[in-house]
Amino acid sequence: MSLASASRADAAMRPIDDRVVLITGAGSGLGAATARTLAAAGMTVIAADIDDAAAAGTVAQLEGAGGTGLAVRLDVRDAASAEAAIGGVVDRFGRLDVLINNAGTDMTAAFDEIPADTWDRVLDVNLRGPAVMTRAALPHLRESGVGHIVNITSTAAKRAWPNASAYHASKWGLLGFSHALHAEAREYGVKVTAIVCGGMRTPFLLERFPDLDPGVLQDPANVAETIRFVLSLPPESVIPEVTVLPMRETSWP
């Protein structure tokens with residue numbers, strides 16, 4: 001790329017350093033990596049997690065690196081919790097520009113071995129949670145002028161493997177929800193993007209599958225950089241769906 005071309009490309013990207021972002025599940029893994037990446041880009045980061053100590057730990061990292069952050073305890077399944085969290089953000093910072101629906105959970109077991117309440121919990125966190133959060137955030141995102149919803153889905157939304165039926169159901173549903181939101185919210189200037197993630201070196205996988213080779217996974221920071229890029233697109237463009245895989249991905253061609 002020539003210097004002139006590089007300059008035009010840089011000029012086309014949209015600055016994000018004045019935006020306020022709320023990230024669910026920000027206490028660890030991809031959520032924490034995304035918080036670090038977006039704080040380094042100058043965004044004000046609200047790290048939300050059901051584990052308030054983990055959220056506080058993420059914010060301590062951000063502030064230690066010179067970023068701006070706020071830790072919030074949040075249960076994405078609870079509409080009152082979502083309204084309180086988002087209302088507190090808007091009261092404190094005057095706006096909410098970006099919602100990243102990242103919180104997730106799973107149970108690895110055959111369908112007929114998954115207790116009904118566990119099935120419900122996986123779908124409540126992974127699918128109903130983003131809907132609850134979006135319902136609370138959307139009025140503020142419409143007012144923002146740069147509103148953007150990022151839904152973290154998975155290759156589990158594209159194909160299936162044994163012992164993950166609840167996770168697959170939730171992630172296929174989230175991908176469909178994300179595309180439906182894209183079709184509806186664009187009328188109001190709110191962008192919606194689904195990030196289809198391949199395997200990452202995060203506790204979500206490594207703590208549950210200790211024999212998994214980390215070499216076939218990717219650094220969550222790479223996915224976080226993709227999120228930063230998506231948020232930086234010019235106003236006239238949106239990426240409704242993007243897939244980010246490790247080079248040695250085994251769950252997707």
Side-chain angles (χ1 to χ4, degrees), residues 7-26 30-31 33-48 58-59 62 66-72 74 76 79 81-103 129-153 174-175 177-195 223-242:
S7 178
R8 286 195 297 271
D10 289 344
M13 301 311 290
R14 196 174 193 178
I16 62 174
D17 58 358
D18 63 344
R19 298 190 204 174
V20 177
V21 55
L22 187 150
I23 306 169
T24 69
L30 176 59
T34 302
R36 291 190 293 269
T37 294
L38 298 185
M43 296 182 73
T44 298
V45 174
I46 291 82
T58 295
V59 169
L62 306 185
T68 301
L70 174 68
V72 173
L74 170 68
V76 299
S81 180
E83 291 282 358
I86 289 173
V89 170
V90 174
D91 287 346
R92 177 161 178 172
F93 299 105
R95 61 192 297 173
L96 176 67
D97 302 304
V98 180
L99 169 66
I100 299 180
N101 288 312
N102 167 75
V132 168
M133 294 303 301
T134 297
R135 192 179 302 278
L138 193 55
H140 305 289
L141 299 175
R142 289 173 61 173
E143 293 176 3
S144 156
V146 291
H148 204 138
I149 300 167
V150 177
N151 294 310
I152 304 301
T153 180
L174 180 56
L175 184 59
F177 176 60
S178 191
H179 283 302
L181 277 179
H182 162 69
E184 292 184 18
R186 64 197 307 181
E187 177 182 353
Y188 309 108
V190 176
K191 298 183 181 184
V192 181
T193 301
I195 306 290
V223 179
E225 281 294 337
T226 304
I227 296 170
R228 182 197 59 76
F229 170 77
V230 163
L231 296 177
S232 302
L233 284 177
E236 65 183 1
S237 298
V238 61
I239 298 177
E241 178 183 331
V242 60

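Source: prediction; values computed, not measured.
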Would you check, one step at a time, whether the test side-chain contact (heavy atoms from CB on, under 4.5 Å) holds for Phe93 with Leu70?
CA-CA 11 Å; Phe93 299 105; Leu70 174 68; 3.9 Å; yes

Give the C-alpha distance, both sets of side-chain angles, the deciding distance and a yes or no for side-chain contact (heavy atoms from CB on, under 4.5 Å) between Leu141 and Leu96.
CA-CA 6 Å; Leu141 299 175; Leu96 176 67; 4.1 Å; yes

Candidate pair Phe229 and Val242, rule side-chain contact (heavy atoms from CB on, under 4.5 Å), full reasoning:
CA-CA 11 Å; Phe229 170 77; Val242 60; over 6 Å; no

If you apply the rule side-chain contact (heavy atoms from CB on, under 4.5 Å), what do you find for Val89 with His140, and how did you get there?
CA-CA 10 Å; Val89 170; His140 305 289; over 6 Å; no

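Heavy-atom minimum distance, Pro139 versus Arg135: CD-O, 3.6 Å. Taking every heavy atom of both residues into account, Val59 and Ala71 meet most closely at CG2-N, 3.5 Å. Shown here for Thr37 and Arg228, the closest heavy-atom pair between the two residues is CG2-CB, 4.1 Å. For the pair His148 and Val190, the tightest heavy-atom approach, listed with the atom from each and the gap, is N-CG1, 4.2 Å. Leu30 and Ala224 get closest at one heavy-atom pair: CD1-N, 4.1 Å. Among all heavy-atom pairs drawn from Arg95 and Ser144, the shortest one is NH2-O, 3.8 Å.
A donor-acceptor contact shorter than 3.5 Å is absent between the side chain of Thr153 and the backbone of Ala194. Judged by distance alone, the side chain of Arg19 and the main-chain N or O of Leu231 form a donor-acceptor pair under 3.5 Å. Although no hydrogens or angles enter the test, the distance criterion places a donor-acceptor pair under 3.5 Å between the side chain of Asp97 and the main chain of Val20. Judged by distance alone, the side chain of Thr44 and the main-chain N or O of Thr68 form no donor-acceptor pair under 3.5 Å. Judged by distance alone, with hydrogens and angles left aside, the side-chain atoms of Thr58 form a donor-acceptor pair with the main-chain N or O of Ala26 at under 3.5 Å.
By the 4.5 Å heavy-atom criterion applied to side chains, Tyr188 and Leu138 are not counted as neighbours. Under the 4.5 Å side-chain criterion, counting only non-hydrogen atoms from C-beta, Asn151 is in contact with Val192.
Of the residues listed (Ile100, Leu181, Leu174), the one engaging Pro130 in a side-chain contact (heavy atoms from CB on, under 4.5 Å) is Leu174, and it is the only one. Screening Thr34, Asn102, Ile152, Asn101 for a side-chain contact (heavy atoms from CB on, under 4.5 Å) with Ile195, the sole residue that qualifies is Ile152.
In this structure, the separation between NZ on Lys191 and CD1 on Ile149 is 13.0 Å, given to the nearest 0.5 Å. Distance check: Thr226 OG1 to Ile239 CD1 gives 9.0 Å after rounding to the nearest 0.5 Å. How far CG of Leu22 is from CE of Met133: 5.0 Å, rounded to the nearest 0.5 Å.
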